[in-house]
Amino acid sequence: MKQQWWHDKIVYQIYPKSFADTTGSGIGDLNGITEHLDYLQELGIDLIWLSPCYPSPMADQGYDISDYRNIHPDFGTLEDFDRLVAEAKKRGIGILMDLVANHCSDEHPWFQAAMKDPKGYYGKYFYIEEGIDGKEPNNWRSYFGGSAWERVPNTDNLYYLHMFHKKQPDLNWENPLLRQEVYDFVNFWFDRGVVGFRIDAITDIKKPPTLRGRNYPPDREDGMVFCKTMLQDAHGIGDFLTELKEKCFAPHQAFTVGEVCGQREEETADYVGEDGYFSSMFDFEVVSEESKDGGEWMKKRFITPQMYRAAMERTQKRMEPIGLIGTVLENHDLPRIANRMLRDEDRTDMAKKMLAVLYLYQKGIPFIYQGQELGMENTFNPNVASMQDVSSHDEYRVCKEAGLSEEEAVRIVNRYSRDNARTPFQWDATANAGFTTGTPWLPVNENYTRINAAAEVADADSVYHFYRRAIALRKNPEYADALVYGVFDSVHFADDNIIAYTRTKGSTKLLVICNFQNKKTSCHVGKASVLLDNYADTCIEAGEMTLRAFEAVVLSVES
Ligand code: NOJ
């Protein structure tokens, strides 16, 4: 593998709205991030991915952009942004922006012009089609529920396409003028000093050649079909992405990570191989395990150690000849990992530390989502109507339509709501967890007096300090080469609740072992020296290791 500057980096994802508020507005801001850069530097991360902080009506919390070249006034100004980039750089940290270009906001001037003149210049920036027999042009259902088509105001029979919310009209990448607009604003941010991008919903930018009348067999009683089904007839995305790379990413030697979902298996190397469109893409294999029998929240399964191992093995095997995957436990769309993978009675600091070990040493670029390093947990909101996440409302409706009781529907929606990951960052035990002096836009998780950064920074045994040590090990020059480039091999011990793997490079062999259960077990490790353990001591006798509940270790073993 040709070495790249970003191969050994660790990325930290910030959701600006919920990180730190310096104005008392109840909404986090860029200055809040700048103020806390020392905290992030201490943790040991190299890059920050900022979820969208552009002007937006916030129908989808900023993934609906109304101006690609500015900062939302709630988050600050372009000057604040420049200061953040400069201060981060002083600490050796690079900034990644979120590139959301499958769609924009219906409040973007392009769309407003298109609505005034749907057949005109800006109409061609979007997908606008005639309906059929007074109905939508086809039977696609949007990601957030309901038809993916919305009537163009003041017309009888014209509709625009929105794969996501109706306030997120899809941009038409077939139009070279639109593509050039995208490249121009991407380069605008490179000129301001960003080192790369996370790229949103990118597989959706290529549509089949005709949309009108392209119906697929319905997959629910509503007679519609999940819009992503269209990918089976969408070919040729590579032309767009090669152009994007050549005009924007390559000249800036950028680090880019794609939210690539639903691509054809054989195209993975085109995306992230040595000459791929992007540097990396996220590993969503566990998410697909979780949703295997459906996709709607009520059909999701609790992630067991065996499911996790199967997903990990699939990803690692698939990626070995290709490149580095972005390894994740959490992001702003997923529930907190402590709730997704640990049962109520097992949700301890020890188990949370084990989850860190589980993924940090796999082959890939680790992403840490804000608060994950503290072991932040899901929240509970009995009033679904007051949830901020748009997808929660549709999933609630789906649960109710399927005949679930109110209690069950509320439980399920709370389990998977995207609000879980978006509650304010817990800085300390003062009011509102020190996030804001005002009223937080989303209530703070009640557990903030117990789980917060100040307490954890002061406690050498905290989840936070364990993440620090774990990151430091990944960067230890003696092992970094093996951890970045070493071959991954899954190891199966007799006890099926142990997840283990090795990373081997030359004469260095590291063995990672996670006892994913609330009971003691043992395994054979041979001659080994201990590099990391979430317990204070390690029990190895005559090559036999005793593993206590949720114990996780990294060992250097004989190759
Ligand atoms: C993926 C983003 O992560 C999610 O938050 C958003 O709702 C959709 N893409 C649409 O932009």
Side-chain angles (χ1 to χ4, degrees), residues 43 286-287 289-290 300-312 327-331 334-362 366-380 415-416 420-421 426 445-448 450-453 455-456 459-471 473-474 491 493 495-501 511-523 530-539 545-555:
L43 183 59
V286 173
V287 181
E289 271 290 338
E290 189 181 34
K300 282 183 188 277
R301 308 181 296 166
F302 185 83
I303 305 170
T304 62
Q306 289 70 26
M307 280 161 68
Y308 185 86
R309 184 200 288 115
M312 171 184 81
T327 51
V328 280
L329 289 180
E330 294 186 8
N331 66 30
L334 296 170
R336 290 290 183 177
I337 197 66
N339 296 74
R340 252 172 108 213
M341 289 182 67
L342 300 174
R343 301 197 187 272
D344 293 350
E345 60 280 17
D346 294 337
R347 208 165 297 124
T348 59
D349 281 2
M350 202 59 94
K352 290 173 182 176
K353 293 173 189 174
M354 183 214 66
L355 291 175
V357 174
L358 186 63
Y359 94 115
L360 273 179
Y361 304 104
Q362 289 173 33
F367 282 71
I368 299 172
Y369 178 68
Q370 66 179 45
Q372 179 189 323
E373 78 282 12
L374 302 177
M376 278 179 66
E377 298 176 358
N378 276 1
T379 181
F380 189 84
R415 181 154 169 68
Y416 292 102
N420 281 309
Q426 293 164 207
N445 192 316
E446 282 172 6
N447 65 18
Y448 75 91
R450 185 168 51 86
I451 300 176
N452 66 67
E456 296 203 27
D459 172 7
D461 200 28
S462 63
V463 177
Y464 166 82
H465 277 290
F466 187 77
Y467 264 87
R468 274 190 70 194
R469 279 168 37 220
I471 291 170
L473 170 59
R474 217 177 176 278
V491 177
F493 288 112
D495 186 334
D496 197 35
N497 287 320
I498 300 176
I499 301 186
Y501 55 87
L511 172 59
V512 178
I513 307 177
C514 295
N515 180 26
F516 204 141
Q517 61 189 332
N518 198 356
K519 71 174 213 256
K520 236 186 198 175
T521 187
S522 66
C523 62
V530 183
L531 306 182
L532 187 73
D533 193 331
N534 56 351
Y535 278 74
D537 55 347
T538 310
C539 316
M545 177 159 189
T546 304
L547 289 156
R548 289 148 290 185
F550 294 108
E551 183 159 8
V553 290
V554 181
L555 308 175

Tell me whether [X] is salt-bridged to [Y], with the criterion being a basic N under 4.0 Å from an acidic carboxylate O.
{"X": "Glu290", "Y": "Arg340", "answer": "yes"}
{"X": "Lys519", "Y": "Asp495", "answer": "no"}
{"X": "Glu289", "Y": "Arg301", "answer": "yes"}

Please name the pair of heavy atoms, one in [X] and one in [Y], separated by the smallest distance, quoted to 0.1 Å.
{"X": "Met350", "Y": "Ala549", "value": "CG-O, 4.1 Å"}
{"X": "Pro335", "Y": "Asn420", "value": "CA-CB, 4.3 Å"}
{"X": "Lys353", "Y": "Asn534", "value": "CB-CB, 3.9 Å"}
{"X": "Ile451", "Y": "Gln426", "value": "O-NE2, 2.7 Å"}
{"X": "Tyr359", "Y": "Ile368", "value": "OH-CG1, 3.4 Å"}
{"X": "Leu334", "Y": "Leu329", "value": "CD1-O, 4.4 Å"}

Return yes if some donor-acceptor pair links the side-chain N/O of [X] with the main-chain N/O of [Y] below 3.5 Å, else return no.
{"X": "Arg336", "Y": "Gly375", "answer": "no"}
{"X": "Asn452", "Y": "Tyr448", "answer": "yes"}
{"X": "Tyr361", "Y": "Ala470", "answer": "yes"}
{"X": "Arg309", "Y": "Ile498", "answer": "yes"}
{"X": "Asn339", "Y": "Asn378", "answer": "yes"}
{"X": "Arg468", "Y": "Leu43", "answer": "no"}
{"X": "Glu330", "Y": "Ile337", "answer": "yes"}

Value rounded to 0.5 Å, distance of [atom1] in [X] from [atom2] in [Y]:
{"X": "Ser462", "Y": "Tyr467", "atom1": "OG", "atom2": "OH", "answer": "12.0 Å"}
{"X": "Ile303", "Y": "Phe516", "atom1": "CD1", "atom2": "CZ", "answer": "8.5 Å"}
{"X": "Ser522", "Y": "Met545", "atom1": "OG", "atom2": "CE", "answer": "10.0 Å"}
{"X": "Met376", "Y": "Tyr369", "atom1": "CE", "atom2": "OH", "answer": "8.0 Å"}
{"X": "Leu358", "Y": "Ile499", "atom1": "CG", "atom2": "CD1", "answer": "5.0 Å"}
{"X": "Leu532", "Y": "Arg474", "atom1": "CG", "atom2": "CZ", "answer": "13.0 Å"}

Report yes if the side chains of [X] and [Y] come closer than 4.5 Å at any heavy-atom pair, otherwise no.
{"X": "Met312", "Y": "Gln362", "value": "yes"}
{"X": "Val357", "Y": "Phe466", "value": "yes"}
{"X": "Cys523", "Y": "Ile513", "value": "yes"}
{"X": "Phe302", "Y": "Arg415", "value": "yes"}
{"X": "Met341", "Y": "Pro305", "value": "no"}
{"X": "Glu373", "Y": "Ile471", "value": "no"}
{"X": "Thr546", "Y": "Thr521", "value": "no"}
{"X": "Phe367", "Y": "Asn331", "value": "no"}

**Study point:** side chain to side chain contact (heavy atoms under 4.5 Å, CB included) partners for Asp537, two or more places apart
**Key:**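 Scan of Asp537 (side chain to side chain contact (heavy atoms under 4.5 Å, CB included), adjacent residues dropped) gives Tyr535, Arg548.
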**Study point:** Residue pair Asn445, Glu377: steps toward the side-chain hydrogen bond (donor to acceptor under 3.5 Å, both in side chains) verdict
**Key:** CA-CA 8 Å; Asn445 192 316; Glu377 298 176 358; 6.0 Å; no
**Study point:** Counterpart residues, salt bridge (Lys or Arg N to Asp or Glu O under 4.0 Å), relative to Glu456 (two or more places apart)
**Key:**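 Per chain and number, Glu456 pairs via salt bridge (Lys or Arg N to Asp or Glu O under 4.0 Å) with no residue.
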Exercise for review: Could I get the full list of ring pair (Phe, Tyr, Trp, His ring centres under 6.0 Å) partners for Phe493, not counting sequence neighbours?
Suggested key: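 Not a single residue meets the ring pair (Phe, Tyr, Trp, His ring centres under 6.0 Å) criterion with Phe493.
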Exercise for review: Show your working on side-chain hydrogen bond (donor to acceptor under 3.5 Å, both in side chains) between Asp533 and Thr538 and close with a plain yes or no.
Suggested key: CA-CA 7 Å; Asp533 193 331; Thr538 310; 2.7 Å; yes
Exercise for review: Check the pair Val286 / Tyr308 against side chain to side chain contact (heavy atoms under 4.5 Å, CB included), numbers first and verdict last.
Suggested key: CA-CA 6 Å; Val286 173; Tyr308 185 86; 3.7 Å; yes
Check your understanding: Do the numbers put Lys300 on top of the ring of Tyr416, so that NZ or CZ is under 6.0 Å from the six-membered ring centre and no more than 45° off the axis?
Key ->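 Yes.
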Review point. Do Gln306 and Asp496 get their side chains close enough for a donor-acceptor pair, meaning under 3.5 Å?
Key: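 There is such a pair between these side chains.
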Review point. In this structure, are over 12 heavy atoms from other groups packed under 6.0 Å from Glu446 atom CD?
Key: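 For Glu446, atom CD is not crowded (no more than 12 foreign heavy atoms under 6.0 Å).
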